[in-house]
Structures are given as structure tokens and as C-alpha cells.
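These notes concern the structure reproduced below.
In what follows, chains are A, B, ... by sequence order, proteins preceding strands, each numbered from 1.
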There are 2 protein chains.
Amino acid sequence: MGLAKTEMFTDEQNEISLFAKAFGHPARVSILQHLFKIDSCVCGDLVAEIGLAQPTISQHLKELKLLGLIKGNVEGTSVCYCIDKENWTAMKNVMTAFLDQDLKSSGECC
Amino acid sequence: MGLAKTEMFTDEQNEISLFAKAFGHPARVSILQHLFKIDSCVCGDLVAEIGLAQPTISQHLKELKLLGLIKGNVEGTSVCYCIDKENWTAMKNVMTAFLDQDLKSSGECC
DNA sequence: TTTGTTGATTGCAATATTACGATTAATTAT
DNA sequence: ATAATTAATCGTAATATTGCAATCAACAAA
């Protein structure tokens, strides 16, 4: 196909797109919202909550964990997941700076 | 494969993921940043700016336009693109509400 | 130990995305 | 009319993502 290499873009652009990609699937949005709603660790009721199979949820969790947005602690047979608030804040700062670009541009056009 | 249907998720979750998907590629992030930086219409120098072929850029522009984040006005042989600030603000409100979830959750865990 | 429970991993099949050469469409210049 | 310019579209190849059945690994309960 011809993949656009990350070298073509700035670190900031690559970082923004990586975070955005994590939110680019409703299942992951749903997982994150659930973790916030519960506001504590969730031990595996995500499969019941969302209507997807266990391996699928596990895969989505893995991606979110890899990005650092969530933490997973083993607790007996189950694993407890929760938001990594520190990393979430850092991500939010990056994304907010991107979304707030309009504040600096006053021009009208077209 | 088995696509997760949009009916499985809330309208909000689907909307967030659609916007996020638009930002999920560094080329589109780059296009949007450039449009903000210029702060006026851009008549097709995006291909020179970003290192991708003209059909590729055109395709990315189409997606952003379909989502309503940018506008394109035909002007002679060229087309002028700029941010649709009204829609950008609406998108920002949706995304910000999602990103700011952490403000409402005070709990410590794990 | 055996059984049950929970969640990760593997191995695929289905689908979506990305990139670009070639072409087309629309407009302008000569 | 012809040529030049600009950007959209088509067709297709390469790659990435998603979903899940099957399996595996770790631990707990009997």
C-alpha cells in the first residue's frame, strides 16, 4: 500500500494521532467511560457491560494499557482495571492543545 | 470479521469515535494544523506542505469535509479549504466533555 | 490433585484504511 | 479550439484493525 512513515510528521502530530486512534473505536470509548463511571477498579464485568466477546475486550484493554491510559492490577484470579489518571491528564493536555487551536485563530475566510 | 454494530453503543460513543478517527492519522492532524496556522483559505499547497501524493491528500480532505470540520470553496481552477469553525467548536465540546471525565472522578484506586 | 474461574494469547477470517498511478472533470490561458 | 492547470475520482495493492473460537496460563476451591 505505501504507509506514510512517522518520520514524515512531527512528534506532536504522531502523538495526537496515536491518542486519537485509541478513541477511534466506540468499544474503547465505552470501556473508558465505564471505568470513569465506576470510579474505582473494575474486575472483569466489562465483557458483560459491553456486548463483545471476552478476547475482543481483552484486546481493547491491552491497547489502552499499552498507551498508558489504564492500569491493570492482578488480584487473585481476576484483574482490576482503572484509569491511570496521571497519564490521562498528560494525554488531555496534548489533545486539548490541539482542539483549542481555534482560540488563536481569529480570521474569517471563505 | 464481525463488525461491532453502531447499535451496540450510544450515540455519544459513536460520535466521539468518529471524530477521534478523523484525528487518528497524522496526515489529517497535519492538514488541520496547517489550516489553522494559515488562518485563511488554503488553495492546494497542502500537497507540497505534506509529503503525500495529490490523490491521497484529496482523500483525507474529503473525509474531513464529510465530517464537517473543513469547508472547501471552488475558486477558479483551484479549491480553497478552511476550517469550519462553527462545527469545530461543536466537535470540541463533544471531545472536551469526554476528556474532562476525570474532573468528576475523585476516587483513588489500585 | 482435580475442578472451576478468570483473563491473556493464538490463529485466523472479515473488513477497513491508506496510498498512489492513471484518468477524468472543470476551468483558465493562449 | 488547444493546451495547461488544478483537484476529484477510479481502480487496485498493501497494510491495519476488528472480532471471535479455541486454547493456554494462573490461581482458587473442592
Side-chain angles (χ1 to χ4, degrees), chain A residues 1-9 13-14 17-32 34-35 41-67 70-82 110, chain B residues 1-9 13-14 17-32 34-35 41-67 70-82 110:
Chain A
M1 116 202 195
L3 178 62
K5 301 139 201 152
T6 56
E7 300 91 63
M8 295 180 60
F9 305 100
Q13 286 160 354
N14 285 315
S17 66
L18 277 182
F19 283 134
K21 207 176 285 183
F23 306 140
H25 194 288
R28 288 189 293 267
V29 171
S30 174
I31 287 172
L32 291 165
H34 188 67
L35 290 181
C41 282
V42 143
C43 295
D45 53 348
L46 284 165
V47 174
E49 195 71 20
I50 306 166
L52 292 170
Q54 180 264 321
T56 307
I57 298 291
S58 189
Q59 198 174 314
H60 285 307
L61 287 168
K62 187 181 173 184
E63 283 175 66
L64 293 172
K65 199 168 151 191
L66 211 75
L67 253 184
I70 65 175
K71 289 185 284 191
N73 291 66
V74 179
E75 208 148 293
T77 35
S78 58
V79 178
C80 270
Y81 284 104
C82 62
C110 303
Chain B
M1 112 202 199
L3 177 62
K5 301 141 201 152
T6 56
E7 299 90 64
M8 296 181 58
F9 305 100
Q13 285 159 355
N14 285 315
S17 67
L18 279 180
F19 283 134
K21 208 177 285 184
F23 306 140
H25 194 288
R28 287 189 293 266
V29 171
S30 174
I31 287 171
L32 291 166
H34 188 66
L35 291 181
C41 282
V42 143
C43 296
D45 55 347
L46 284 165
V47 174
E49 195 71 21
I50 305 167
L52 292 171
Q54 179 264 320
T56 308
I57 299 291
S58 191
Q59 199 174 313
H60 285 307
L61 287 168
K62 187 181 173 184
E63 284 176 64
L64 293 172
K65 201 168 150 191
L66 211 75
L67 252 184
I70 65 174
K71 291 185 284 192
N73 291 66
V74 179
E75 208 148 293
T77 35
S78 58
V79 177
C80 270
Y81 285 104
C82 62
C110 302

Nearest whole Å is fine: how far is [N] [atom2] from [X] [atom1]?
{"X": "A:Ile57", "N": "D:dT18", "atom1": "CD1", "atom2": "P", "result": "12 Å"}
{"X": "B:Gln59", "N": "D:dT12", "atom1": "CD", "atom2": "P", "result": "15 Å"}
{"X": "B:Leu52", "N": "C:dC20", "atom1": "CG", "atom2": "C1'", "result": "10 Å"}
{"X": "A:Tyr81", "N": "C:dG7", "atom1": "OH", "atom2": "P", "result": "8 Å"}
{"X": "A:Asp45", "N": "C:dT5", "atom1": "CG", "atom2": "P", "result": "17 Å"}
{"X": "A:Lys21", "N": "C:dT17", "atom1": "NZ", "atom2": "C1'", "result": "10 Å"}
{"X": "A:Ile50", "N": "C:dG7", "atom1": "CD1", "atom2": "C1'", "result": "15 Å"}
{"X": "B:Gln54", "N": "D:dA8", "atom1": "CD", "atom2": "C1'", "result": "7 Å"}

Side-chain N or O of [X] less than 4.0 angstrom from OP1 or OP2 on [N]?
{"X": "A:Thr77", "N": "D:dA28", "result": "no"}
{"X": "B:Thr56", "N": "C:dC20", "result": "yes"}
{"X": "B:His60", "N": "C:dA19", "result": "yes"}
{"X": "B:His25", "N": "D:dA16", "result": "no"}

Check the orientation of A:His25 and A:His60. Use parallel for under 30°, tilted for 30 to 60°, and perpendicular for over 60°.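 Rings of A:His25 and A:His60: tilted, 30 to 60°.
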
Can you work out whether A:Ser78 or B:Glu75 has the more 5'-proximal nearest nucleotide on DNA chain C? A:Ser78

Answer yes or no: is there a side-chain heavy-atom contact under 4.5 Å between [X] and [Y]?
{"X": "A:Ile50", "Y": "B:Phe9", "answer": "yes"}
{"X": "A:Glu49", "Y": "A:Val42", "answer": "no"}
{"X": "B:Val79", "Y": "B:Leu61", "answer": "no"}
{"X": "B:Arg28", "Y": "B:Glu63", "answer": "yes"}

Nearest-neighbour nucleotide for the B:Lys62 side chain, D:dT9, D:dA8, C:dT6 considered: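 Of the options given, the side chain of B:Lys62 lies nearest D:dT9.
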
Check every atom of D:dC20, D:dA8, C:dT18 against the side chain of B:Arg28 and return the nucleotide holding the closest atom. C:dT18

Using heavy-atom distances to pick each residue's nearest nucleotide on DNA chain D, tell me which of A:Pro55 and A:Gly24 is more 5'. A:Gly24

